[in-house]
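Heavy-atom basis, side chains included; hydrogens, waters and symmetry copies ignored. Remember, predicted model here, so these are calculated numbers, not experimental data.
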Amino acid sequence: MAVQSSHTAFSFLSPLRSHSIVPETSLLSFKPSLLGYPFTATNRRRPFIITVSSKSKNELSVDQKRQLLEQYGLNPDEFLSEPSPKTKKRREQSKSGTGKQVLVEEPKPPRETHKLLQVVGGTARRKKLLSPKSMDVRPMMEVVKAAAFGILQAAGGCTASLRPGRWLDLYSGTGSVGIEAISRGCSEVHFVEMDPWVVSDVLRPNLEWTGFLDASVIHTVRVESFLERAEHFLVGIGNFLVEESDKRGLDLGMGYYRYGEDGSFDYISVTPPYAVVDYCILMDQISKSSIVGENTFILVEYPFRTDMLDSCSCLVKISDRRFGRTHLAIYGPKWALKKKYVEKTKRKQEKLDLLREVEISAS
């Protein structure tokens, strides 16, 4: 015999046990009116089964549940138990919808590095550099880096190396651009990188491996914050640079000064992540910052279909080259542009002289 109900919910019933099979004699004493369904009996003995629904609008009280279980010949204490206060509160919150839904985030996989970069030229030439395997840090391509330093060296009047000076590497990441600058003759490089993991696991090991840690200063801040408060980050004592927070308590009788007569750098490299930077806002902030001087060279890497101005502060664009989807713009003083024009004219004249000599010798 089977009795089924889809209107009354018995959430207190646990999965059927062995003693939930009741003899037919007890079934005859069962009152069908409790469930509201007609009751039919057969001569065949079969197990007693109760099918319940998940929810009920009119839930039975505890006393009614105990009475019903006793009628089935079951022990109410085995099925009815008082929930804990936490369980009651959780059930109330789930019914009212006021409970806080806590999203459990999966742990992120550890970030890994590999050695695919290398120094292109200078004293540390062909030394391998670390870089993250993920795409969140995008180093400058070696062909772009070689071309950029070739232009800067020619503009500075020395094709073999950079003229000595200070370099500011914005969005430094792996530090490959600043390390290349030290390798080619720069006396000091400032690295600005906001990711602490990149600084500790990529940038600093690269500086230690190349032996340029003593000539480097790392600023773990956002580039925007650095540009806004550049004078606070660039306070020095003698020939040693210290952070503004370290200025207190240092009294060597030498006084404080800022690098350069106007606090500017000789070279600035700008290699930001393309997707998260507005170049108009960034270049405007750089042009208004104290880091740019009359003789500063600025190297900017930017993506395809990005409009770059012909000038930046008091500087003019002396070169703009394309490498696939990557573009490279270099700003510098006006005398560098004139010098570049003079050198270009000189090379052209040398070629004409060589052709004339060939024609004369052939005749």
Can you find a pair of side-chain heavy atoms, one from [X] and one from [Y], that are under 4.5 Å apart?
X: Pro272; Y: Leu282; result: yes
X: Ser289; Y: Phe226; result: no
X: Val300; Y: Met308; result: yes
X: Val202; Y: Glu193; result: no
X: Leu129; Y: Thr174; result: no

Run the side-chain donor-acceptor check on residues 322-330: report pairs under 3.5 Å with partners two or more places apart or on a different chain.
| from | atom 1 | to | atom 2 | distance (Å) |
| --- | --- | --- | --- | --- |
| Arg322 | NE | Gly324 | O | 2.8 |

> What do you reckon, are the aromatic ring centroids of Trp167 and Phe212 less than 6.0 Å apart?
Replying inline: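 Ring-ring flag for Trp167/Phe212: false, centres at least 6.0 Å apart.
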>> I'd like to know whether CG of Asp307 has more than 12 heavy-atom contacts from other residues, nucleotides or ligands below 6.0 angstrom.
In response: no
Residues that [X] engages under side chain to side chain contact (heavy atoms under 4.5 Å, CB included), provided they are two or more places apart:
X: Glu228; value: Gln285
X: Asp284; value: Ser287, Lys288
X: Arg163; value: Asp266, Tyr267, Phe297

For residues [X] and [Y]: do they belong to one hydrophobic cluster (side chain heavy atoms under 4.5 Å, members Ile, Leu, Val, Met, Phe, Trp, Tyr)?
X: Ile286; Y: Ile281; value: no
X: Leu152; Y: Val120; value: no
X: Val221; Y: Val276; value: yes
X: Met194; Y: Phe233; value: no
X: Leu116; Y: Val143; value: no

To check you understand the geometry: which heavy-atom pair defines the closest contact between [X] and [Y], and what is its length?
X: Glu208; Y: Leu213; value: CG-CD2, 3.8 Å
X: Ser172; Y: Leu203; value: OG-CD2, 4.0 Å
X: Ala215; Y: Ile182; value: O-CD1, 4.1 Å
X: Trp335; Y: Ala155; value: CZ3-O, 3.6 Å
X: Arg184; Y: Ser161; value: O-CB, 3.2 Å
X: Ala230; Y: Ile291; value: CB-CG2, 3.7 Å

Return the [atom1] to [atom2] distance between [X] and [Y], rounded to the nearest 0.5 Å.
X: Ile268; Y: Arg166; atom1: CD1; atom2: CZ; value: 11.0 Å
X: Ser225; Y: His232; atom1: OG; atom2: NE2; value: 12.0 Å
X: Asn206; Y: Leu130; atom1: CG; atom2: CG; value: 5.0 Å
X: Leu315; Y: Tyr331; atom1: CG; atom2: OH; value: 9.5 Å
X: His219; Y: Asp169; atom1: NE2; atom2: CG; value: 11.0 Å
X: Thr210; Y: Ile179; atom1: OG1; atom2: CD1; value: 4.5 Å

Under 3.5 Å donor-acceptor, [X] side chain and [Y] backbone:
X: Ser216; Y: Val189; value: no
X: Ser183; Y: Ala124; value: yes
X: Ser311; Y: Val316; value: no
X: Ser187; Y: Gly165; value: yes
X: Thr296; Y: Phe265; value: yes

> When you look at Ile218 and Arg204, which way does the side chain to side chain contact (heavy atoms under 4.5 Å, CB included) test go after all the steps?
Replying inline: CA-CA 9 Å; Ile218 302 175; Arg204 187 175 291 274; 3.8 Å; yes
> What residue among Gln118, Glu142, Met141, Lys145 forms side chain to side chain contact (heavy atoms under 4.5 Å, CB included) with Ser176?
Replying inline: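 That would be Lys145.
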>> Checking Met140 against Leu299 for the side chain to side chain contact (heavy atoms under 4.5 Å, CB included) test, could you report, in this order, the C-alpha distance in whole Å, the side-chain angles of both residues, the deciding distance, and whether it holds?
In response: CA-CA 12 Å; Met140 179 183 284; Leu299 183 154; 3.6 Å; yes
> Is it true that the NZ or CZ of Lys128 lies under 6.0 Å from the centre of Trp209's six-membered ring and within 45 degrees of the ring axis?
Replying inline: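 Relative to the ring axis of Trp209, which defines the angle, Lys128 lies outside at least one limit.
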>> Filter on salt bridge (charged side-chain N to carboxylate O under 4.0 Å, His left out), then keep only pairs touching residues 309-319, sequence neighbours left out; what's left?
In response: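 Applying salt bridge (charged side-chain N to carboxylate O under 4.0 Å, His left out) to every pair that reaches into residues 309-319, excluding sequence neighbours, yields Asp310-Lys317, Lys317-Asp320.
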>> Phe191: which residues meet the ring-ring contact (aromatic ring centres under 6.0 Å, His included) condition with it, sequence neighbours left out?
In response: none
